Student: 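Structure in structure tokens, see below.
As the structure lists them, so they are numbered: ligands from 1, and atoms in each ligand from 1. Quick caveat: nothing in here was measured; it's all calculated off a predicted structure.
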Amino acid sequence: MLGMERRISRIGAWSACLLAGSVLAIGALPGTALANDGYDLWLAPADKGAAAAEVTVIGDSQTLQLAAAELRRDLTAAPLPVVLARADAPELAALGLPTAMLGAEGYLVCAATVAGRPSLLVTGNSDTGVLYGAFAAIRAQKTGGDLAKLDLTSTPKVRLRVLNHWDNLDGSVERGYAGQSLWDWWTLPDFKDPRYTDYARANAALGINGTVLNNVNASPDTLSAAYIAKAAALADVLRPWGIKVYLSARFSAPIELGGLKTADPLDPQVQAWWKAKSDEIYRAIPDFGGFLVKANSEGQPGPRDYHRTHAEGANMLAAAVAPHGGVVMWRAFVYAETDPDDRAKQAYSEFKPLDGKFADNVLVQVKNGAIDFQPREPFHPLFGAMPKTPMMLELQITKEYLGFATHLAYLGPLFEEVLEADTRAKGKGSTVAKVVDGALEGHDLTGMAGVANIGRDRDWSGSTFNQANWYAFGRLAWDPTLSAEALAREWARQTFGDDPRVVDTAVSMMMESREAVVDYTGPFGLAHLMDTGHHYGPGPWVNDLARPEWNPIYYHKADRSGIGFDRTRTGSNAVAQYAPPVARMLADPRTTPETELLWFHHLAWDWKMKSGRTLWQEMVVRYDRGVATVAHMQRQWDGVKDKVDAERWSKTATYLAIQHNEARWWRDASLVYWMSVNGLSLPEGSLAPEHDLAWYKAQRFPYAPGH
Ligand code: GCV
């Protein structure tokens, strides 16, 4: 096994204004032969040879000037001079533009006569809205839009579009695979690395408007005066780009930092400590967004330590930030050995009864699935189950369970799958997207969080294609109804240029990549089969960890007679946590989607699949398909060697080779283990696993990143 040893190692449909003018030539992206380290992300500068746009700014703000600079650099051959102005500028009054419906952050880009001059107008109700409009115009041009016909109107569907950095104060990043933390806490607040500005630009281009700077497994020191000053320095850099800073708060900080004897949320001294701490933060960061909290999960302190509820804990913090307009994002990722029956049920059991008990400025932040960011999970049953509470969706952009930075896995389809899932909470069409964007229950406070895959690597995300996952998250947070495939195409054009062969190839690879990972790591709803701690590589045999729900055997329950977790009435009855039509569908293996079969059912190895094959035969087919898809991606990438700069092409090719080896490793290790349990042999013609089970069990990865 080669690679392994080496590394033991929407735009609103309404048209706002009429466009006049001639058809434009679209500026081609630069030639692709030169080395490219991927630093530019989706902001590759426009062709230097093309005429830069003439840009006029009406109004005076740093944000408007930044928007103008973006357009001057990256919009080329504009048919009209570009005018940037907030909608309340007197020069726009006579135009009667329908800007009221843009809200606080939306934008409008269209042809208009401004101060007697035909112009391409970029406007919005805030400076940030104008900035988003500028980026939208550039994106439209780079993705083949005709500037002469540009008529863009868009308003974000989700209010808080937030990256969650799991970055520690020592510079390490939990589950980070792109180098050390971007934040150089040591040299902050004095030195503001220019990368902080580039980070802000990249996010603003997508509409991301918040960042939680530190790990949810938070150090209390984050809230010390010294670190508040460092966070304030970052906030100063990010502010002009429309990005607010948030902090993860350790629930026991009043004890560790404040010297109190308790962190009981009902204790007046504790409440006073958090209020004073919040006041202190807001003095340094007047637009501080608020707190993110992981409580009573994986050893973190929380209100349950004091026999208080999550709502009592969250509301205490919410009261501290409310006078300043802050919010609390309270995570529902909770599990403990105290609820042994089914880890997948615990968040619902603890949170559902609290619906209606949270303060107005609290969002409950829920992972896409009930376990933990597995390559495929059914949507979390809390979506649609807490109508009185704003439910924030948490997605993982960093690929903890999908091959770290080395495996190519475009997560757009995973994100789309959960957003499109129908909770049936209020009848058909009650999608997770509608829960999250507030449409289903009329919530105004809405949010989406993505666990960042950003580090100090030159290419930011550890590989070129990983950048697409950051991109897709940001764009979906703006509009959860966008299509994963359209976003892949958008990203590929901005990343690789206009050549249709390269773009089509990249999109094709991306769109098959996630399902490949599902196939080779565990098909049909199998989950949590990875090795311990670092979560890299297979470990379906692991059965000796202290807590039952840490062991893969807890999740697959394979024995001689069958495999899968019975979550129906005869098992944990987790299906009952879903709305009745969904619960009915999932209660019967014949109506459960095959993609989630073993998540909900324990089935015999000879269960007849829709294909006519037995479950065991079909599992082998899927493992093989996963490996074959990676080989297909390799062939496709080989086909564009002459069309992509050598630097990005080679790194991607090498990573695909690693992925191919490791897909084979996952397949072989899994099959050899399943055979040791079920006593079956491989269907005729199947490749025998390369090693015996003992060999796979003996592999150790003490220096795997991100752990
Ligand atoms: C930040 C999983 C990860 C942990 C992570 C946790 C969480 O358990 O392995 O690293 O901790 O999820 O989301 O809090």
Student: My understanding is that only one of Tyr199, Trp185, Tyr246 makes a ring pair (Phe, Tyr, Trp, His ring centres under 6.0 Å) with His165; could you say which?
Tutor: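 One option only clears the test, and that one is Tyr199.
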Student: Between Phe379 and Tyr578, is the gap from one ring center to the other below 6.0 Å?
Tutor: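 Distance test on ring centres: under 6.0 Å, yes.
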Student: What about Phe465 and Tyr410, are their ring centers closer than 6.0 Å?
Tutor: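 No: the rings miss the under 6.0 Å criterion.
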Student: With sequence neighbours left out, what residues match His602 under side chain to side chain donor-acceptor pair (under 3.5 Å)?
Tutor: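 With sequence neighbours excluded, His602 shows a side chain to side chain donor-acceptor pair (under 3.5 Å) to no residue whatsoever.
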Student: Could you walk me through whether Asp342 and Ser572 pass the side chain to side chain donor-acceptor pair (under 3.5 Å) test, one step at a time?
Tutor: CA-CA 6 Å; Asp342 181 357; Ser572 76; 2.7 Å; yes
Student: I need the contact residues for ligand 1: any residue with a non-hydrogen atom closer than 4.0 Å to the ligand, ordered by chain then number.
Tutor: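 Within 4.0 Å of ligand 1, protein side: Trp166, Glu174, Arg175, Asn215, Val216, Asn217, Lys294, Glu298, Arg331, Phe333, Lys367, Asp372, Glu400, Tyr401, His535.
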Student: Tell me if the aromatic rings of His556 and Tyr673 count as close, with their centers under 6.0 Å from one another.
Tutor: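 Yes, ring centres under 6.0 Å apart.
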